[in-house]
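One structure is given below, encoded as structure tokens.
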Amino acid sequence: MNFYGIWAIYSFELARLRRTMLQSIASPVISTSLYFVVFGAAIGSRMAEIDGVSYGAFIIPGLIMLMLLNESISNASFGIYMPKFTGTIYEVLSAPVSPAEIVIGYVGAAATKSVILGLLILLTARLFVPYEIQHPIWMLGFLVLTAITFSLFGFIIGIWADGFEKLQIIPLMIVTPLAFLGGSFYSITMLPPFWQTVTLFNPVVYLISGFRWSFYGVADVHIGVSVGMTLVFLLICLSLVWLVFKTGYRLKP
């Protein structure tokens, strides 16, 4: 394992975070804070509790997960797309680093950024809404596992994209709607039976449900199912990344 190579890629990507603090950190935190102000303070005070949890506190896991999914995809896809766009990807591919080491460097940096941002938003939420975390180890585990999984997904998107506009198609047109319809702002038990069944085909439901369970001990689906679905998606992403490097898809001229 070439740890120097991994560290070079990892530190280079994290350096971009320091150069773009306003865009990478301040903007997502401010945007999410507005959700807390509108839904937590203004609307939440007029709504009944959900599963014994105040509405303002109930939406915290969903909002963090919504941000985590989009930021993980965005960080990883942009991180690998830029070397493709500038042509420096061939220097990386010809360097004495294996495909696994390249993935660890890029995906590790993207996941680190997302986890840091998720923790910052969690601290910011305390300013607006009181909440508790019943299972902090599980909460951190879900945070890290989701960040890694969707950073891998973003890595695949960055390799697939052949233009800047394609980097935003899947996050904006697919991931964000799935997150909004996956229980970010409500419990799926509030839906009619038919729509509850339909919602269970949304993979983001299991992520949000498991993450919310780590906070309050309540979930729309069993915690074991949430963990299992997350691991299945992780394995799918790992398989696709392996296939990309095996075939050289959009990496080799």
Side-chain angles (χ1 to χ4, degrees), residues 25 28-73 111-151 175-176 178-191 196 199-200 202-234:
I25 298 296
V29 170
I30 292 173
S31 298
T32 309
S33 297
L34 293 176
Y35 280 108
F36 289 129
V37 172
V38 174
F39 290 94
I43 298 178
S45 59
R46 299 172 179 266
M47 297 189 65
E49 294 184 346
I50 301 177
D51 295 328
V53 181
S54 67
Y55 184 72
F58 183 84
I59 66 174
I60 290 175
L63 287 176
I64 294 176
M65 193 60 65
L66 173 64
M67 178 283 308
L68 192 70
L69 301 184
N70 284 307
E71 290 299 318
S72 296
I73 293 174
T112 300
K113 297 176 192 176
S114 300
V115 170
I116 291 173
L117 190 53
L119 294 176
L120 286 176
I121 291 177
L122 188 61
L123 293 175
T124 304
R126 180 69 72 176
L127 301 175
F128 302 97
V129 182
Y131 63 86
E132 60 179 290
I133 303 177
Q134 292 187 9
H135 309 284
I137 302 300
W138 277 97
M139 184 278 294
L140 189 59
F142 262 107
L143 195 68
V144 173
L145 183 61
T146 303
I148 293 173
T149 301
F150 277 82
S151 292
V175 176
T176 298
L178 287 179
F180 273 92
L181 298 174
S184 295
F185 299 100
Y186 58 87
S187 170
I188 66 172
T189 58
M190 302 167 66
L191 301 174
Q196 288 186 36
T199 303
L200 291 177
N202 180 353
V204 179
V205 167
Y206 303 94
L207 302 175
I208 296 175
S209 177
F211 195 53
R212 183 171 286 132
W213 174 86
S214 69
F215 278 73
Y216 311 118
V218 297
D220 293 325
V221 295
H222 192 274
I223 180 63
V225 177
S226 295
V227 174
M229 290 294 291
T230 306
L231 291 176
V232 166
F233 190 53
L234 174 62

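The structure displayed is predicted, hence computed values, not measured ones. Along the sequence shown, the residues carry numbers beginning at 1.
Without hydrogens or angle criteria, N202 side chain to V204 main chain gives a donor-acceptor distance under 3.5 Å. A distance-only check finds a donor-acceptor pair linking the side chain of R212 to the backbone of F58 [under 3.5 Å]. Not one N or O on the side chain of D220 forms a donor-acceptor pair closer than 3.5 Å with the backbone of S187. Listed for the E71 side chain is no donor-acceptor partner under 3.5 Å among the backbone atoms of S114. Not one N or O on the side chain of Y35 forms a donor-acceptor pair closer than 3.5 Å with the backbone of I60. The closest donor-acceptor contact from the side chain of S214 to the backbone of W138 lies at 3.5 Å or more, if one exists at all.
Residue I137 places its CD1 atom among 12 or fewer non-hydrogen atoms of other residues, nucleotides or ligands, all under 6.0 Å distant.
Side-chain contact between L181 and T199: absent, with no pair of heavy atoms (C-beta onward) separated by less than 4.5 Å. In this structure, L200 and Y206 have side chains that are in contact, with non-hydrogen atoms separated by less than 4.5 Å. Residues T32 and T124 are not in side-chain contact: their nearest non-hydrogen atoms beyond the backbone lie 4.5 Å or more apart. Within the 4.5 Å cutoff, the side chain of M229 has no heavy atoms near those of the V221 side chain.
Residues I188 and Q196 come closest through the heavy atom pair O-CG, 3.0 Å. In terms of heavy-atom proximity, G210 sits nearest to S226 at N-OG, 3.5 Å.
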side-chain contact (heavy atoms from CB on, under 4.5 Å) evaluation trace for E49 with Y55: CA-CA 6 Å; E49 294 184 346; Y55 184 72; over 6 Å; no

Pair T230-L234, side-chain contact (heavy atoms from CB on, under 4.5 Å): steps then yes or no: CA-CA 6 Å; T230 306; L234 174 62; 5.7 Å; no

Verdict with supporting geometry, V227 and F142, side-chain contact (heavy atoms from CB on, under 4.5 Å): CA-CA 8 Å; V227 174; F142 262 107; 3.7 Å; yes

side-chain contact (heavy atoms from CB on, under 4.5 Å) between L207 and L69, intermediate numbers included: CA-CA 10 Å; L207 302 175; L69 301 184; 4.0 Å; yes

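In this structure, Y216 has its ring center no closer than 6.0 Å to that of Y131.
Interatomic distance, OG1 of T189 versus CG of L191, reported as 8.0 Å (0.5 Å rounding). Atom CG of L63 sits about 11.0 Å away from atom CG of L34, to the nearest 0.5 Å. In this structure, I121 CD1 and L66 CG are separated by 9.0 Å, a value rounded to the nearest 0.5 Å. With rounding to the nearest 0.5 Å, the separation of CE in M67 from OG in S184 is 11.5 Å. Expressed to the nearest 0.5 Å, how far CE of M139 lies from CD1 of I133 amounts to 4.0 Å. Note: I59 CD1 to I208 CD1 = 12.0 Å, rounded to the nearest 0.5 Å.
Screening L143, I148, T149 for a side chain to side chain contact (heavy atoms under 4.5 Å, CB included) involving L145 leaves a single residue, T149.
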